[in-house]
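Structure first, commentary second.
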Amino acid sequence: MTLPTLPALQRREWLALMTAWGLAGCRSDEPPALAGGWVGASAGRGHRLRELKSGALPMPAVQRRASVLVVGGGVAGLAAARALDRAGLDDAHLLELEDEAGGNARGHRMAGMDCPLGAHYLPVPGEAAGEVRELLADFGLARVEHGRWLWDERHLCHSPQERLFFEGAWHEGLLPPAEPGSETLAQYRCFSALVGQAQREAGFSMPALRTPWTAAHTALESTTFADWLARHRLDDERLRWYLDYCCRDDYGAGATTVSAWAGLHYFASRHGFHAPGDEETEREPMLTWPEGNAWLTRRMAAPLADRLHTGRTVLRVDEGRHAVEVLAWNEAIGQAERWTAERVVLALPVFIAARVMATPPAALHEVAAQARHAPWLVANLHLGAALLERVGAPPAWDSVPYGGTSLGYVDAMHQSMRPHAGPTVLTAYVALPASERAALLADDWRPWAQRVIADLLPLHPDLSQQVRRIDLMRYGHAMRVPLPGTRSSPAHQALSVLPGRVTLAHADLAGYSVFEEAYTLGWQAGQRVAQQLRPSPRHG
Ligand SMILES: Cc1cc2nc3c(=O)[nH]c(=O)nc-3n(C[C@H](O)[C@H](O)[C@H](O)COP(=O)(O)OP(=O)(O)OC[C@H]3O[C@@H](n4cnc5c(N)ncnc54)[C@H](O)[C@@H]3O)c2cc1C
């Protein structure tokens with residue numbers, strides 16, 4: 001058994017880990033006592049597409065028709081289906097590879113407690129995200145009173161929201177502390193001013209498509225965020241760690257990899273950046289649920305009823321003059337089915353869309369070849385009892401260690417109203433470099449479980465005694481990394497308005513992945529297709 005590297009572990013914490021894993025003084029061949037395993041995704045289904053390259057396409061056993069076929073049941077595909085439904089198209093169908101819709105925003109359950117498998121929060125959407133606001137209003141999460149949007153407090157992240165484990169103690173918020181008069185504070189203020197300047201001069205919005213792309217954006221996108229920070233002499237260790245953490249958390253890659261546009265967009269499109277002592281230091285409220293954004297995707301999927309076909313891996317999309325032919329593999333019965341549709345919305349990552357299309361447009365081919373996707377690991381740890389607390393800020397929804405590459409964990413029971421701490425599920429997130437993708441596909445989950453525990457042990461030395469089970473979800477290609485040049489490329493820009501019967505919709509088209517981008521792109525694609533088919537809008 002390979003032990004993880006534990007740079008920050010104390011001797012006592014090492015012993016706790018060894019004991020929990022049956023390693024201290026035991027036979028080395030003894031299996032660890034911990035239960036767990038891989039859950040949630042079927043790598044084999046996705047890889048069926050790769051294997052197809054050499055083999056012939058299977059003969060369909062079933063023939064079906066639909067006016068519109070949505071391929072991919074993540075946020076974007078579900079949004080497209082919703083828009084089609086709203087436009088009165090009641091024979092639009094959706095094909096999804098996994099056994100449940102939701103894509104990166106699906107949920108899980110351990111010991112009777114809901115927890116996320118991927119996406120877990122949504123910042124309260126601003127004016128530019130009108131479609132998302134309307135969705136949330138439809139779900140009863142928001143209402144407008146006297147022209148102001150009011151949010152249902154039960155679904156806003158309860159206080160305390162975040163805490164940082166810094167120099168042996170918990171601190172409220174995620175920004176590392178900065179003493180008055182320190183260089184750290186001066187650099188926080190300088191970065192805050194630069195974000196404000198970028199907001200005024202270039203303009204940023206969420207979703208990004210609401211701001212016209214200009215030469216100022218292209219210039220910011222021509223360099224990495226780390227180079228941009230260096231150019232502005234922003235080299236303070238705490239600031240740089242925090243900004244790098246934000247990039248890894250939202251984009252799956254750090255400041256040396258993502259573009260300066262992406263690094264600034266994280267702040268400038270939403271809440272800005274506030275140094276301690278600024279007038280406005282409160283983080284914007286965010287919506288979250290024990291099962292994460294699956295709370296939303298399950299409600300988006302429900303109205304589709306039997307028009308949602310899960311366990312269908314789409315193998316080929318062939319656009320003809322009068323219709324589109326779609327070949328799908330029914331995973332449950334091991335048979336191919338052929339669908340004929342007037343239009344198709346391909347709500348798939350760009351590299352999959354390029355692979356399934358019989359004749360992909362040149363721009364899609366180019367974007368797919370340039371795009372890089374970060375692998376992610378999500379670990380749900382079922383704890384039998386509350387963990388012992390260290391000094392400092394009390395337990396929060398999101399807990400993060402300072403330094404290193406760990407993204408920390410969120411607590412699935414944080415939103416429950418229970419008055420005392422107790423059993424819970426902690427969801428730990430690990431963004432991985434592409435070089436670890438192959439290892440992530442290995443059968444043995446245990447080294448990954450050990451790695452997650454090792455990451456969290458410095459925060460909670462008693463963690464290994466309380467973990468009852470670890471369920472691990474792996475994403476080989478979780479999210480597109482906003483590299484320099486991503487959005488500025490002419491091929492990228494061409495993808496938003498493809499001629500023909502196939503419309504693309506996926507967060508990848510934004511160049512990076514968040515709910516607001518996926519939903520808006522999906523909704524717009526659905527609306528565009530509905531207009532092309534010109535049905536009469538549904539009233540009432
Ligand atoms: C670990 C993780 C944490 C995240 N956390 C957050 C967060 O907290 N907040 C946030 O806003 N965003 C978060 N994100 C980003 C998240 O990706 C987006 O919010 C959003 O869910 C993306 O939706 P999508 O529809 O664009 O893509 P996807 O979720 O990738 O959907 C694509 C769908 O297509 C299906 N599919 C693929 N191939 C085929 C095929 N051949 N045939 C049929 N179906 C196919 C897939 O199974 C999937 O369901 C997170 C992402 C990850 C991976």
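None of these values were measured; they are calculated from a predicted model. First listed ligand is number 1; within each ligand, the first listed atom is number 1. All values below come from the heavy atoms of this structure, side chains included, with hydrogens, waters and symmetry mates left out.
An N or O contact shorter than 3.5 Å links Leu97 to ligand 1 by distance. Geometrically, ligand 1 and Trp376 share no nitrogen or oxygen pair separated by less than 3.5 Å.
Between the choices His373, His477, Glu96, His120, the shortest heavy-atom distance to atom 35 (C) of ligand 1 belongs to Glu96. Considering only non-hydrogen atoms, atom 18 (C) of ligand 1 lies nearest to Ser513 out of Gly522, Gly102, Ser513. When Gly72, Ala101, Ala41, Ala119 are checked for heavy-atom proximity to atom 4 (C) of ligand 1, Ala119 turns out nearest. Nearest-residue assignment for atom 53 (C) of ligand 1 (options Gly252, Ala76, Ala478, Ala507; heavy-atom criterion): Ala478. The heavy atom nearest to atom 21 (O) of ligand 1, considering only Val75, Thr297, Thr313, is found in Val75.
Atom 50 (C) of ligand 1 has as its closest protein heavy atom Met479 CE, 3.7 Å. Nearest protein neighbour of atom 40 (C) of ligand 1, counting heavy atoms only, is Val314 N, 3.7 Å. For atom 11 (O) of ligand 1, the nearest non-hydrogen atom of the protein is Phe515 N, 2.8 Å. Nearest protein heavy-atom neighbour of atom 9 (N) of ligand 1: Tyr121 O, 2.8 Å. Atom 36 (N) of ligand 1 has as its closest protein heavy atom Leu348 CD2, 3.5 Å. With respect to atom 29 (O) of ligand 1, the closest heavy atom belonging to the protein is Asn104 N, 2.8 Å. Of all protein heavy atoms, the one lying nearest to atom 32 (C) of ligand 1 is Ala347 O, 3.7 Å. When only non-hydrogen protein atoms are considered, atom 30 (O) of ligand 1 lies nearest to His506 NE2, 3.1 Å.
The residue from Arg307, Arg65, Arg64, His309 that alone fulfils the side chain to side chain donor-acceptor pair (under 3.5 Å) condition with His93 is His309.
Between the side chain of Glu131 and the main chain of Thr520, no donor-acceptor pair closer than 3.5 Å is present. Under a 3.5 Å cut-off, the side chain of Asp411 and the backbone N or O of Leu426 do not form any donor-acceptor pair.
By the 6.0 Å and 45° rule, Arg474 does not stack over the aromatic ring of Trp376. Seen from the ring of Trp448, Arg446 does not count as a face-on cation partner, given the 6.0 Å and 45° thresholds.
Proximity of Arg312 to ligand 1, defined as any heavy-atom pair under 4.0 Å, is confined to the backbone N, CA, C and O atoms. Residue contacts with ligand 1 for Val378 involve side-chain atoms from C-beta outward but no N, CA, C or O (heavy atoms, distance under 4.0 Å).
Using the six-membered ring where Trp is involved, Tyr512 and His265 have ring planes that are perpendicular, over 60° apart on the 30 and 60° scheme. The aromatic rings of His477 and His373 lie perpendicular to each other, with more than 60° between the two planes, well past the 30° mark. Using bins of under 30°, 30° to 60° and over 60° for the plane-to-plane angle, the ring pair Phe273/Phe267 lands in the perpendicular bin. Under the 30°/60° scheme for interplanar angles, the aromatic rings of His120 and Trp397 are found to be tilted.
Of all atoms in ligand 1, listed by their number and element, those nearer than 4.0 Å to a heavy atom of Val514 are 11 (O), 12 (N), 18 (C), 19 (O). Proximity to Gly74 (heavy-atom distance under 4.0 Å) selects the following atoms of ligand 1: 25 (O), 31 (O), 33 (C), 49 (O). Of all the atoms in ligand 1, the ones that sit under 4.0 Å from a non-hydrogen atom of Gly103 are 29 (O), 48 (C), 49 (O). Heavy-atom proximity to Ile352, at under 4.0 Å, picks out these atoms of ligand 1: 37 (C), 38 (N).
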Exercise for review: Step by step, work out the side chain to side chain donor-acceptor pair (under 3.5 Å) result for Asp91 and Ser67.
Suggested key: CA-CA 6 Å; Asp91 67 338; Ser67 61; 2.5 Å; yes
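Ionic pairing of Arg270 and Glu516 is present here: one or more N-O contacts between side-chain nitrogen and carboxylate oxygen are shorter than 4.0 angstrom. With salt bridges taken as basic N to acidic carboxylate O contacts below 4.0 Å, one links Asp152 and Arg154. Note on Arg45 versus Asp99: salt bridge recorded, some NZ/NE/NH1/NH2 to OD/OE distance being below 4.0 Å.
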